[in-house]
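Hydrogens, waters and symmetry mates play no part in the numbers below; they use all other heavy atoms, side chains included.
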Amino acid sequence: MRLDVAAGRCRASFLQSATIVNTMIKQPRRVTSEVTRVAREVGTDGKPRGQAQVPEVTGVWKDLTDSVNSMASKPHRPGCATSRT
């Protein structure tokens with residue numbers, strides 16, 4: 001749940017903390033939305049090389065976004081011998 005704060009009524013330290021928390025809440029939502037979009041494009045719609053675009057994402061969320069983009073950029077090849085027969 002996003003913290004709603006009125007800048008004029010809060011201490012600077014609380015306002016800074018609220019901003020950090022709100023950013024932490026926003027990042028997973030943005031990443032989830034983009035990863036879902038790319039999965040739908042690549043997996044369901046058959047659009048190869050879809051890319052998740054999440055500007056300003058950091059840390060674990062950036063790593064996840066980069067991993068999804070790496071997987072989506074590689075052409076699909078069967079992974080086991082039985083699928084090639």
Minimum heavy-atom distance between [X] and [Y], given as atom pair plus value:
{"X": "Glu41", "Y": "Gly50", "answer": "OE1-CA, 3.9 Å"}
{"X": "Ala72", "Y": "Val42", "answer": "CB-CG2, 4.0 Å"}
{"X": "Gln53", "Y": "Glu34", "answer": "N-OE1, 2.7 Å"}

Problem set entry | Option among Val38, Val60, Val31 that satisfies the side-chain contact (heavy atoms from CB on, under 4.5 Å) test with Thr65 | Val31
Would you find a donor on one side and an acceptor on the other, under 3.5 Å apart, between the side chain of [X] and the backbone of [Y]?
{"X": "Ser70", "Y": "Asp66", "answer": "no"}
{"X": "Thr32", "Y": "Arg29", "answer": "no"}
{"X": "Asn69", "Y": "Ala52", "answer": "yes"}

For this session: Taking side-chain contact (heavy atoms from CB on, under 4.5 Å) as the test, write out the residues that go with Arg40, two or more places apart.
Result: Thr36, Arg37, Thr44, Asp45
